[in-house]
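See structure below.
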Amino acid sequence: MEKNENLSGDKPRPWHSYHTVYTNAKAGMEGVDKEKVQRIVYETSKGSKYFENEEKKEALLRQKIENMRAQRAKLSAADLSHYQTVADRRILELEATRDLSRIWLHADMDAFYAAVETLSNPSLKGKPMAVGGMSMISTANYEARRFGVRAAMPGFIARKLCPELIFVPTDFKKYTHYSELTRKVFEKYDPNFMAASLDEAYLDITEVCKERSMSGGEIAEELRKCVNEETGLTCSAGVAPNRLLAKFVLTNDRMAVMTFIFSLPIRKIGGIGKVTEHILRDAFGISTCEEMLQKGGLLCALFSHSTADFFLSVGLGIGRTDTPQVSSRKSISSERTFSATDDETLLYQKLADIAEMLCTDMKKGGLCGRTLTLKLKTASFEVRSRAVTSEKYFSSSEDILKYASKLLKAELPISLRLMGLRLSHFNEDKIGSPSDPTQKTLNNFIVSADLSRKNLVDSKSLGSDINDLKLMNNMEGSFSIESHELQRYGIRDPLDSNNLQDLNVHHCTSTDSVEAEKIREPSSNKIADKVITKDMAGEVSQWKESGLSLPGQLEGGSPDRVNQVIMDNETVFSSEQKDGLVWVDDYKCSLCGIEMPPYFDEERQEHSDFHLAERLQNDESSIYSRTSTPRQRSVKKDRISSQSKRKRHKPSPKKGRHLSIDMFFAKSNQNF
DNA sequence: GGGAACCGATTAG
DNA sequence: TTCCACTAATCGGTTCCC
């Protein structure tokens with residue numbers, strides 16, 4: 001059946017062009033009929049929205065690669081010579097940092113979740129089994145892997161590959177228990193070990209090796225036995241001079257490292273994923289780590305400092321050897337997938353649920369944040385994010401939902417299959433402690449100063465003459481004036497309904513100072529109803545039609561909350577009175593005499609904010625006048641909504657003509 | 001020009 | 001029958017304000 005279809009197609013083997021990660025080698029997948037797996041995955045996916053989106057992404061990647069090839073072709077002989085010199089110098093500098101004095105061990109539990117499930121239900125032994133569900137698999141045991149089934153594969157595809165596959169739902173309580181048992185073993189070898197996940201850890205075993213006069217390999221063997229005795233589970237362990245290579249077994253000898261790394265495919269390196277692999281291979285002909293060094297000049301010419309640095313380090317087999325300080329969490333998020341819908345009532349209800357989930361997690365960690373990011377995945381699998389930063393730190397579900405609703409509202413109408421909320425920019429203070437924006441600003445100042453210093457140190461060793469590389473990013477493509485550029489010149493599209501949204505956000509934020517104070521009132525501490533009723537949804541559309549901001553009732557429905565919200569509304573709609581401003585004859589400012597027609601809504605509001613700010617500045621008792629004026633805030637928010645507007649006109653600015661050299665390498669400087 | 005905020009993209013488990 | 005998750009981190013680009 002499948003063969004016939006393939007034969008009748010234009011291309012004899014169309015699945016070959018469908019790049020998935022499922023055919024990559026993974027433990028237990030040796031001998032898998034890759035072509036068969038690839039074909040089944042293709043046939044199962046073909047025609048779906050997901051598939052179409054993947055095709056779009058691949059087309060963009062091909063375009064990006066073409067673009068890089070074109071840039072590469074533009075380099076003159078002089079350029080190439082220059083960047084080769086840059087690369088050579090950088091290689092020498094990196095080589096000077098090589099540290100062969102440490103021994104790092106990487107422990108990785110074998111098919112962890114599946115193994116734990118088999119331990120608690122021995123009847124699963126020997127049968128193909130996967131932990132997860134029809135939508136996604138977390139782990140597959142080795143019996144299932146022989147069929148091509150693997151982690152991060154949708155369950156329904158896995159079932160096509162292996163019809164007798166047994167599905168076991170995830171049970172994190174169980175995995176956490178076993179994880180703790182393994183960590184007790186790890187602690188014996190390195191009290192400061194780095195846990196990479198529930199089933200993975202990096203250990204600096206240098207001291208243990210010295211104390212016991214044992215080699216890294218011997219310690220690794222002992223640790224594996226110990227883990228097995230304590231948990232009944234098996235694990236793999238690699239040993240190397242640094243964390244970049246700790247998944248392999250290498251001695252602390254430069255030649256051993258270089259010999260090994262040279263023939264190593266780049267995809268084996270942590271931080272190099274599917275996209276980077278394709279770019280390096282198709283644009284530069286780089287497949288092995290050795291080629292990273294051979295083509296170092298090109299990499300320095302066409303990539304950023306840090307990226308080129310990472311590539312050269314990979315070519316040299318140099319990775320991190322220090323034990324980083326325990327870093328605190330930087331963000332917390334919650335997201336949920338559901339059947340795609342454009343029903344606004346339903347979307348607001350789901351948003352309220354997610355806000356509640358996030359709030360619960362925030363409370364567990366005692367966290368407060370001030371930047372809320374709304375993540376959206378459309379019915380066609382396009383992913384977007386929209387963020388807003390508040391002057392004050394917050395963690396209540398009411399506050400989360402308030403900001404989230406504003407962000408979502410700007411995207412409507414839309415058909416979504418996923419929504420998520422992330423809170424970041426944490427306050428170090430715990431919930432319940434008095435909120436003092438001035439103090440927090442100071443904290444932020446100290447933190448950012450530290451970060452700046454760190455970045456400075458990190459980049460100090462880089463050659464400054466690579467700075468001009470950034471020019472390369474702007475070389476491609478022609479320019480035309482688009483919506484965002486119009487925005488830049490202060491020209492607004494009168495037909496853009498989002499101008500109203502700008503106004504909405506503006507109205508709300510211009511009163512943030514007043515509202516923020518109110519939110520701290522005891523009444524706001526009460527838990528509000530999270531579910532938006534149909535009636536309330538009706539109000540949503542009413543407010544939408546009116547082009548005014550969402551009233552707070554829609555963001556929390558308890559009577560206590562309603563009182564507060566009414567007060568908020570008063571502040572929203574009467575801020576002009578509060579600063580004493582009246583538009584004489586609906587035209588002239590009563591305070592300074594400036595003339596502004598009634599339809600200059602936004603400009604009028606900003607003008608009103610100006611007077612309000614002026615007044616607040618005179619009021620020394622106002623803490624907000626010491627940190628950020630309403631004028632400043634309103635401008636910020638205006639920018640936020642402007643950006644949203646731009647995206648709506650041009651959903652993927654990076655996907656169009658402005659194909660610059662994007663960043664590809666997260667984590668590259670962290671773990672290695 | 002530097003910094004902050006926002007956004008999209010990549011990676012990993 | 002089911003039809004591609006969730007959490008976290010990071011980086012480069014862009015825009016805007018000071």
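Each chain gets a letter, A, B and so on, in the order its sequence line appears, and its residues count up from 1.
Between the side chains of A:Tyr175 and A:Glu180, no donor-acceptor pair of N or O atoms lies under 3.5 Å. In this structure, a donor-acceptor pair under 3.5 Å is absent between the side chains of A:Asp361 and A:Ser334. Neither side chain, A:Thr176 nor A:Ser179, offers a donor N or O lying under 3.5 Å from an acceptor on the other.
The distance from atom CG of A:Asp361 to atom P of C:dC6 is 14 Å, rounded to the nearest whole Å. Whole-Å rounding puts the A:Leu376 CG to C:dC6 P distance at 14 Å. One can place CG of A:Leu60 at 12 Å from C1' of B:dG8, the figure rounded to the nearest angstrom. Atom NZ in A:Lys274 sits roughly 16 Å away from atom P in B:dG13 (whole-Å rounding). Atom-to-atom, OH of A:Tyr175 to P of C:dT7 comes out at 16 Å; the value is rounded to the nearest Å. Residue A:Phe112 contributes atom CZ, which lies 15 Å from atom P of B:dG13 at whole-angstrom precision. Atom-to-atom, CZ of A:Arg320 to C1' of C:dA9 comes out at 14 Å; the value is rounded to the nearest Å. The distance between atom CD of A:Glu200 and atom C1' of C:dA8, rounded to the nearest whole Å, is 15 Å.
Of the candidate nucleotides B:dG8, C:dC11, C:dC4, C:dC4 has the atom lying nearest to any side-chain atom of A:Pro154. Here the side chain of A:Ser306 is nearest to one of C:dA5, C:dA8, C:dG12, namely C:dG12. When distances are taken from the side chain of A:Thr337 to each of B:dG8, C:dA5, B:dT11, the shortest belongs to C:dA5. Nearest nucleotide to the side chain of A:Ala387, out of C:dC4, C:dG12, B:dC6: B:dC6. In this structure, of B:dG8, C:dA8, C:dG12, it is C:dG12 that holds the atom nearest to the side chain of A:Ser304. When the nucleotides C:dC4, B:dC7, B:dT11 are ranked by their closest atom to the side chain of A:Arg386, B:dC7 comes out on top. Considering only the side chain of A:Arg370, B:dA5 comes nearest among C:dA8, B:dG8, B:dA5.
Within the 4.0 angstrom heavy-atom criterion, no nucleotide atom of any strand lies near A:Ser138. At the heavy-atom level, A:Ser48 lies nowhere under 4.0 Å from the strands shown. Within the nucleic acid shown, A:Arg159 comes within 4.0 Å of at least one base atom, counting heavy atoms only. Among the atoms of the strands shown, none is found under 4.0 Å from any heavy atom of A:Ile137. Among the heavy atoms of the strands lying under 4.0 Å from A:Thr371 are primed sugar atoms or P, OP1, OP2 only; no base atom is included. A:Leu198 comes within 4.0 angstrom of no nucleic acid atom, judged by non-hydrogen atoms across all strands. Using a 4.0 Å heavy-atom distance criterion, A:Lys160 is classed as making no nucleic acid contact.
A:Leu421 pairs in a side chain to side chain contact (heavy atoms under 4.5 Å, CB included) with only one of the listed residues (A:Leu351, A:Ile332, A:Leu407, A:Thr373), which is A:Leu351.
Residue A:Ser197 has no polar side-chain atom (N or O) positioned under 4.0 Å from OP1 or OP2 of B:dA12. The phosphate of B:dG8 (OP1 or OP2) has a side-chain N or O of A:Ser385 nearer than 4.0 angstrom. Proximity of A:Thr307 to the phosphate of C:dG12: a side-chain N or O atom is located under 4.0 Å from OP1 or OP2. In this structure, A:Ser45 does not reach the C:dC4 phosphate: none of its side-chain N or O atoms is under 4.0 Å from OP1 or OP2. Using a 4.0 Å cut-off, no side-chain N or O of A:Arg422 falls inside it from OP1 or OP2 of C:dA9. At least one side-chain nitrogen or oxygen of A:His425 sits closer than 4.0 Å to the OP1 or OP2 atom of B:dA5. For the OP1/OP2 pair of C:dC6 and a distance below 4.0 Å, the side-chain nitrogens and oxygens of A:Ser333 include no atom meeting the criterion. In this model, the phosphate group of B:dC7 is not approached by any side-chain N or O of A:Lys375 to a distance below 4.0 Å at OP1 or OP2. Between A:Arg329 and the phosphate of C:dA8, there is a side-chain N or O to OP1/OP2 separation shorter than 4.0 Å.
For an aromatic pair to be called close, the ring centres must be under 6.0 Å apart, and A:Phe303 with A:Phe311 satisfies this. Residues A:Tyr403 and A:Phe394 place their aromatic rings such that the two centres sit under 6.0 Å apart.
Comparing A:Ser328 and A:Arg336 along DNA chain C, the residue whose closest nucleotide (by nearest heavy atom) sits nearer the 5' end is A:Arg336. Along DNA chain C, the nucleotide nearest A:Lys330 and the nucleotide nearest A:Arg417 are compared for position; the residue whose nucleotide lies closer to the 5' end is A:Arg417. Residue-to-nucleotide proximity on DNA chain B shows that, of A:Lys247 and A:Leu61, the 5′-proximal contact is made by A:Leu61.
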| field | Per-nucleotide pairing state of DNA chain C [Watson-Crick or G-U, under 3.5 Å; [ ] pseudoknot-crossing; | other strand] | value | .....|||||||||||||
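The side chain to side chain contact (heavy atoms under 4.5 Å, CB included) check on A:Glu200 picks up A:His106, A:Asp108, A:Ala196, A:Ser197, A:Lys247, with sequence neighbours excluded. Residues satisfying the side chain to side chain contact (heavy atoms under 4.5 Å, CB included) criterion with A:Ser331, sequence neighbours excluded, are A:Arg422, A:Ser424.
Both the sub-6.0 Å distance and the 45° axial angle are not jointly satisfied by A:Arg159 relative to the ring of A:Phe156. A cation-pi arrangement is not found for A:Lys330 relative to A:Phe426, the charged atom failing to lie both closer than 6.0 Å to the ring centre and inside a 45° cone about the ring normal.
Nucleotides B:dA12 and C:dC4, compared at atom P, are 23 Å apart to the nearest Å.
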